[in-house]
Protein chains: 2
Amino acid sequence: MKIGELARESGLAPSRIRFYEREGLIGSIDRGLNGYRQYSRETRQVLEIIVMAQQAGFSLEEIRNLLPPHGKADWSKDKLVASLKNKVIEVAALQRRLSETQAGLEAVIARIEATPPGGDCFENAEAVLADLRDQSKAG
Amino acid sequence: MKIGELARESGLAPSRIRFYEREGLIGSIDRGLNGYRQYSRETRQVLEIIVMAQQAGFSLEEIRNLLPPHGKADWSKDKLVASLKNKVIEVAALQRRLSETQAGLEAVIARIEATPPGGDCFENAEAVLADLRDQSKAG
DNA sequence: CCTAACCTTAAAGTAAACTTTAAGGTCAAG
DNA sequence: CTTGACCTTAAAGTTTACTTTAAGGTTAGG
C-alpha cells in the first residue's frame, strides 16, 4: 500500500503521514526499489490510534511515548492503560467543574428572573455570581 | 482589581489576559487614571470559562463565538438572561463533548485490559475504533 | 529620592502541528 | 514517448496560542 492509498483510507494528508514518520510516531517502513513507502495494514490502525488520542487531548509528544517501540509487536500495555486512566481522571475533574459552572449559571438565571424590574440587573448578576463563587469555595 | 491580581487568582499570565482582550474574548474594560486595567469579579468567571472550554477542545475562535457579547451597558435583563441561558446550552455542549471523550477512553481501556497477553492489539483496537466512529456518527 | 515591583504598548519570538513549495524521480495509459 | 498522476526530499510557510522583549510610565516602601 503506497502513501496515497493509506492517506485516502485514513483520511490524513500524505504530508501528515510523512510528518508523523519524521516525528517518530510511526516507524520508517519498507521502501520499494523506487524508494516509495510501502505500508502494511497495521500502519492504518496506528494512525487511527494517533487521531483518537489527539481528540482525547494528547499531544504528539505524549502519543509518541504511549505508542509501542517501532517494529515491536509488544506494546507496553500497562503504560498505555495507565496513561489512558490518567486522562479519564482529568476529564472527570473537568466534568465536575463544568457541572458546578452550569449549576451556578442556572441559579443565576433563576435569581435574575425573580428580580423585580427597575433594578440594575448587571450589578445584581455580579453579586449573585460573587455569592456563588464564595459558596462553591465553602462547599 | 489590577491585572496582576487577576492573573494570580485565575492562574493565567498577565500577557495571556491582555492577549484575550486583544482577541476579543474579554471586553476592553475600565482603566484607572493611570491607564491601568481595572477588572471586576465577572472577568475571572469569564477566564475560567475560557480555560474550561479550551480544555474541552474548543479553539479560541469557537470560544469567542460562544461567549456573550461584552459591553455591559446595553445588557437588558432579557438579554442578560438570554446570554446566560445560551451559556448554559454551550456548557451542556462541553459536557457532551467531554462525555464522548470519556466514553471513548473507557472503551479503549476496557478493550486493552481484556486482551490476552499474547493477543493482537491491533485487531482489538480496530474493533474499538470502529465502535467509536459509529458512536460519534450517531451522536 | 531611589529602588523595586508594578503597569502600559507594539512588535518580535516561540512551539506545536502541520501544509506548501520547489525540484525532481517513477509509472501506467494512450 | 509524452502526459499526468503518482512518489521523493528539504526547506520554507502557516495557524494557533501564546510569551518575550523593548522602551517606557506609575506606585509603594525605606
Completion exercise
note: A:L6, atom CG; D:dT8, atom C1'; distance rounded to Å ~ 16 Å

Handout entry: Sugar-phosphate, base or nothing in reach of A:R18, heavy atoms under 4.0 Å
Key = base

Handout entry: Residues A:E21, A:R64: salt bridge by 4.0 Å N-O rule
Key = no

Practice task
Output yes when a side-chain donor or acceptor of A:T43 lies under 3.5 Å from a complementary backbone atom of A:Y39, and no otherwise.
Solution key: no

Practice task
Give the intermediate values and the outcome of side-chain contact (heavy atoms from CB on, under 4.5 Å) for residues A:I26 and A:I50.
Solution key: CA-CA 9 Å; A:I26 57 183; A:I50 290 170; 4.2 Å; yes

Problem - Steps toward side-chain contact (heavy atoms from CB on, under 4.5 Å) verdict (A:I3, A:Y36) - result: CA-CA 8 Å; A:I3 198 167; A:Y36 290 12; over 6 Å; no

Fill in the blank from the handout: Heavy-atom contacts, protein to nucleotides 12-19 of chain D, under 4.0 Å, summarised as B (base), S (sugar-phosphate only) or - (none) per nt, yield -----BBB

Problem - B:R31 vs C:dT9: side-chain N/O to OP1/OP2 distance below 4.0 Å - result: yes

Completion exercise
Residue set satisfying side chain to side chain contact (heavy atoms under 4.5 Å, CB included) with B:F19, at least two apart, ordered chain then number -> B:R22, B:E23, B:L60

Completion exercise
Closest to the 5' end of DNA chain C, once B:E21 and B:R8 are matched to their nearest nucleotides, is B:R8

Are there any protein N/O atoms within less than 3.5 Å of an N/O atom in nucleotides 21-25 of chain D, and if so, which ones and at what distance?
| residue | atom | partner | partner atom | Å |
| --- | --- | --- | --- | --- |
| D:dG25 | N2 | B:Y36 | OH | 2.6 |

Exercise for the section: Send over the distance from B:E5 CD to D:dA28 P, rounded to a whole Å. Expected result: 13 Å

Problem - B:E48 side chain vs B:Q45 backbone, donor-acceptor pair below 3.5 Å - result: no

Problem - Atom CD of A:Q38: over 12 foreign heavy atoms under 6.0 Å - result: yes

Exercise for the section: Among D:dT26, D:dT9, C:dT8, find the nucleotide with the atom closest to the side chain of B:N34. Expected result: D:dT26

Handout entry: d(CD1, A:I63; P, C:dA16) in whole Å
Key = 13 Å

Completion exercise
If each end axis of the helix from C:dC1-D:dG30 to C:dG30-D:dC1 is fitted on five C1' pair positions, the angle between them, to 10 degrees, is 0°

Problem - Main-chain N/O of A:L6 paired to A:E9 side chain as donor or acceptor, under 3.5 Å - result: no

Problem - Nearest-0.5 Å distance, CD1 of residue B:I29 to CD of residue B:E42 - result: 11.5 Å

Practice task
Could you pull out all residues at least two apart from B:R16 that satisfy side chain to side chain donor-acceptor pair (under 3.5 Å)?
Solution key: B:Y20, B:Q54

Exercise for the section: Using side chain to side chain donor-acceptor pair (under 3.5 Å) as the criterion, list what pairs up with B:K2, not counting sequence neighbours. Expected result: none

